Amino acid sequence: MKHYLTTDDIENLPKTIADAIALKQAPYKFEQLGKHKTLGMLFFNSSLRTRLSTQKAAMQLGMQVMVMNFSGEAWSLEFEDGSVMNGSTSEHIREAAAVISQYCDIIAVRAFPTLTDKQKDENEYVLKSFQKYASVPIINMESATGHPLQALTDAITITEQRTREKPKVVLSWAPHPKALPHAVANSFTSIMQKMDADFVITHPEGYELNPEVTGDTPIIYNQDEALKDADFVYVKSWSSYRDYGKVLHTDPNWRITADKMALTNNGKFMHCLPVRRNIIVDDAVLDSPQSIVIPQANNRTFAAQVVLKQILESI
Ligand code: CP
């Protein structure tokens with residue numbers, strides 16, 4: 001693996017999942033692999049899981065880790081080529097990426113979308129600029145349109161917890177007061193399309209994801225119908241893609257309740273976290289044995305570790 005920008009960078013998904021599960025049993029087996037190698041983690045947005053699990057994964061591989069938060073710590077970056085930098089930005093990505101590449105063997109970047117400038121977001125201007133101007137591998141720690149570390153985590157979790165060879169997996173939209181990105185839903189959809197799963201998406205009309213991402217995946221506008229016989233219920237809120245970045249409504253009938261989970265095949269509740277209790281999902285579900293959000297979050301470490309391992313083996 002040269003970079004990990006999208007789930008398409010995983011060459012062999014079943015093997016990668018199996019390797020991640022094996023790392024869980026022996027997390028320090030490859031601690032010599034990252035010796036004298038440095039991971040630089042650059043955050044343009046907040047994080048709990050991604051920051052800590054990726055750092056832990058790197059440390060378990062023997063790497064050293066440097067973290068920088070761009071809001072408040074670093075110079076504000078300019079991404080436009082040819083710009084006259086007489087405004088608020090102080091340093092161009094060309095210099096910044098080249099300099100960081102001298103300090104780090106791998107650079108991981110988190111940069112959320114604007115949700116106001118669709119073209120800029122679709123072009124992944126932050127992530128792609130690092131890829132263009134850095135001379136070392138880049139890992140996507142959640143970008144404008146994707147969260148591939150989360151998606152690999154979710155594929156590992158479903159593989160571990162499934163009780164039938166081809167589980168039914170439902171991605172359900174949920175209400176949220178704020179406009180949220182499409183990244184988690186996009187990457188989850190992409191990786192489920194590569195898995196042996198009966199995968200469907202349910203959301204209210206108007207919340208369709210990018211059709212280039214959903215492709216042939218069935219979309220069911222009736223949530224109760226979609227949840228029937230589900231083995232996994234993956235819940236996420238996102239803003240409208242068509243009416244870009246808008247919250248069209250926050251219909252509370254889409255919140256996941258115990259009654260909705262009762263429609264499933266004793267289905268497992270999944271969420272990438274953080275989750276707003278009693279907005280996205282009721283306490284009764286999140287605190288029930290059906291919820292697997294905590295072991296799911298634990299798998300963030302092993303998803304990051306298997307990706308770092310594959311990149312370290314290629315450099
Ligand atoms: N799921 C996830 O990416 O969590 P953080 O935003 O806390 O990193």
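Every heavy atom of this structure was used, including side-chain atoms; hydrogens, water molecules and symmetry mates were not. Just follow the structure's listing: the first ligand is 1, and inside any ligand the first atom is 1. Keep in mind it's a predicted model, so treat the numbers as computed, not measured.
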- Task: Decide whether an N or O pair under 3.5 Å exists between E142 and ligand 1.
- Result: no
- Task: Answer with yes or no whether M141 contacts ligand 1, where contact means a heavy atom under 4.0 Å from a ligand atom.
- Result: no
- Taking the six-membered ring of Y133, is the NZ or CZ of K128 close enough (under 6.0 Å from the centre) and on axis enough (within 45°)? no
- Query: Can you list the atoms of ligand 1 that are under 4.0 Å from a heavy atom of R110?
  - Reply: 3 (O), 5 (P), 6 (O), 8 (O)
- Message: Below 3.5 Å, N or O to N or O, backbone or side chain included: is there any such pair between S46 and ligand 1?
- Response: no
- Task: List the steps and the verdict of side-chain contact (heavy atoms from CB on, under 4.5 Å) for Q150 and E142.
- Result: CA-CA 8 Å; Q150 182 65 54; E142 187 171 348; over 6 Å; no
- Task: Give the numbers and elements of all ligand 1 atoms closer than 4.0 Å to a heavy atom of R300.
- Result: 1 (N), 2 (C), 3 (O)
- Taking all heavy atoms of A151 and all of F188, pick out the closest pair and write down the distance. CB-N, 4.1 Å
- So, T16 and D19: side-chain donor and acceptor under 3.5 Å apart, yes or no? no
- For N186 and N210, test the side chains for any donor-to-acceptor distance below 3.5 angstrom and give the result as yes or no. no
- Under 4.0 Å to a heavy atom of S47 - the qualifying atoms of ligand 1, by number: 5 (P), 7 (O), 8 (O)
- Ignoring angles and geometry beyond distance, decide whether P274 reaches within less than 3.5 Å of ligand 1 through its nitrogen or oxygen atoms. no
- Query: If you measure from each non-hydrogen atom of L273 to ligand 1, which part falls under 4.0 Å: side chain, backbone, both or neither?
  - Reply: backbone
- Item | Enumerated ligand 1 atoms positioned under 4.0 Å from heavy atoms of L48 | 5 (P), 7 (O), 8 (O)
- Message: So if I count the atoms of ligand 1 from 1 in the order they appear, which ones are less than 4.0 Å from some heavy atom of H147?
- Response: 2 (C), 3 (O)
